[in-house]
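Down below is the structure, laid out as structure tokens.
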Amino acid sequence: MIKYERFELANGLKVIYHQDKSTPLACINILYNVGARDENPEQTGFAHLFEHLMFGGSINIPNYDEPLQMVGGENNAFTTNDITNYYLTLPAENLETGFWLESDRMLSLAFSDKSLEVQRNVVIEEFKQRYLNQPYGDVWLLLRPMAYKEHPYKWDTIGKEISHIENAQMEDVKKFFRKFYCPNNAIMVVAGSVEVEEVKQLAGKWFGPIPKGPENKRNLPEEPVQTKARSLTVERDVPVDAIYKAYHMCSRYDTEYYAVDLISDILSRGNSSRLHNVLIKEKQLFSDINAYVMGDFDKGLFVISGKLTKGVSMEQVDAAINEELQKIKTELVNEDELTKVKNKMEASHEFGEVDVLNKATNLAIAELLGDAGMINQEVEKYLAVTAAQIKEQANLIFDEKNCSTLYYKSKK
């Protein structure tokens, strides 16, 4: 059970406080309610570009990392299609340094031509290295636009193409910042060896004066139901063939999510899982296979991906995957198997609650999903899933008409 308190500043910044005296550290996690789905389709990759720009210096602090490192702290950030999340940890007695740093860049980034140029080049290099020149790197650049035709999940966080970042103008960047990086579009979690009065005082002192930003109401196009199987075959300079199957599923908000997540565990969590047992050990069709949910805030994807054993055909593996999916659609999962995946889930959840940074991030995400208190109900929701619900969701999702398949072949 994670205990927390919540308050809100006049400018709309939601603040969540969690005390953990077992660590000498404090953590500040700031989640901005903006991701790749909020971008202009002609200017993609901006949320991710901002992840980099936010470390490029703010009005009063030319170098974000330096003062943090001087007090023994460290930081990082990540961007998804739904959110952008910044976090830092530092010794609890230096907590105010974290407030100073985070508030200054929320108040105003430096927005120098040099900073934009530097970070733009960093992102372009990342695009080339991780997505274009790395084996299997372009999978999501191919799979997303095949699976999504309307919803902005059809592009990856890096963006649709390099030119969108190359052509990013200072005015476009400032506009994006003013719209999304404001207190009323953020959730701050402060966790660790801290006192609630100190958190309230520091939040008021450093974040209170920051003006409120615009109210952002999302109005994203809904993805139509997929009524026909889609597929794409590409050849790339990779060591072995691979297959990727993406099925549309519910969103992270939906009650069905917990059953669907457990289906992914039944199929591929650990060496005793179904796909591992049958397709790797018994039939030796794959060297590696995984099933996972994307966990998207809007209707997302259930993905099955695997690297083929040399000499095995795409037809063979496609048929073998479908055979396994057919079983979970027609037969109820037995009680032992269901209990096993629930136990694994519960253990990893408990283990995740040891880390103060993990707790801070999870509290912020739960609050964005509707209520930070959801963090304490997660396990119960998984434990309540029945075999009948698993079967029902499997039948809804694993329909060939609902599937986009990428056949990723190595050049002979």
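Since the structure is predicted, the reported quantities are computational estimates derived from the model, not experimental observations. Below, all heavy atoms of this structure are taken into account, side chains as well, without hydrogens, waters or symmetry copies. Numbers here are sequence positions counted from 1.
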Note: Leu13 and Met106 closest approach over all heavy atoms is CD1-CE, 4.2 Å
Is the centre of the Phe180 ring less than 6.0 Å from the centre of the Tyr32 ring?
-> no
Is there a donor in the side chain of Glu126 and an acceptor in the side chain of His48, or the other way round, less than 3.5 Å apart?
-> yes
Of the non-hydrogen atoms in Asn81 and Pro152, which two are nearest, and what is the gap between them?
-> ND2-O, 4.5 Å
Mind checking side chain to side chain contact (heavy atoms under 4.5 Å, CB included) for Glu8 and listing every partner two or more places apart, or none if nothing turns up?
-> Lys14
Of the options Tyr64, Tyr86, Trp206, which is the one that meets Glu102 in a side chain to side chain donor-acceptor pair (under 3.5 Å)?
-> Tyr64
Lys114 with Glu117: basic N within carboxylate O range, under 4.0 Å | no
Hey, are Glu353 and Lys3 close enough for a salt bridge, meaning a charged N less than 4.0 Å from a carboxylate O?
-> no
Between Thr79 and Thr157, what is the shortest heavy-atom contact and its length?
-> O-CG2, 3.8 Å
If you look at every heavy atom in Ile390 and Ile263, which pair is closest and at what distance?
-> O-CD1, 3.6 Å
Qualifying salt bridge (Lys or Arg N to Asp or Glu O under 4.0 Å) pairs with a residue from residues 132-161, counting only residues at least two apart or across chains | Asp138-Arg236, Arg144-Asp156
Lys409 atom NZ, neighbour heavy-atom count above 12 within 6.0 Å = no
What is the minimum heavy-atom distance between Asn402 and Ile397, and which atoms define it?
-> ND2-O, 3.0 Å
According to the interplanar angle, ranging from 0 to 90°, do the rings of Phe302 and Phe398 count as parallel (below 30°), tilted (30 to 60°) or perpendicular (above 60°)?
-> perpendicular
Within 45° of the six-membered ring axis of Phe177 and under 6.0 Å from that ring's centre, is NZ or CZ of Arg105 located there?
-> no
Quick one: do Asp265 and Lys344 make a salt bridge, cutoff under 4.0 Å?
-> no
Does a donor on one side chain and an acceptor on the other come within less than 3.5 Å for Ser305 and Asn290?
-> no
Lys205/Glu198 ion pair, N-O < 4.0 Å = no
Shortest non-hydrogen separation from Thr23 to Gly192 and the atoms involved | CG2-CA, 4.2 Å
Examine the side chains of Thr227 and Lys401 and answer whether a donor and an acceptor come within less than 3.5 Å of each other.
-> no
Report yes if the distance between the aromatic ring centroids of His164 and Phe46 is under 6.0 Å, otherwise no.
-> no
For a quick test of your reading: what N or O donor-acceptor pairs under 3.5 Å do the side chains of residues 374-389 make, sequence neighbours left out?
residue : atom : partner : partner atom : Å
Asn376  : OD1  : Ile2    : N            : 2.8
Asn376  : ND2  : Ile2    : O            : 3.0
Glu378  : OE1  : Arg252  : NH2          : 2.9
Glu378  : OE2  : Tyr258  : OH           : 2.7
Tyr382  : OH   : Asp261  : OD2          : 2.5
Thr386  : OG1  : Gln389  : N            : 3.1
Thr386  : OG1  : Gln389  : OE1          : 3.4
Gln389  : OE1  : Thr386  : N            : 2.9

Parallel, tilted or perpendicular for Phe297 and Tyr253, by the 30°/60° rule?
-> perpendicular
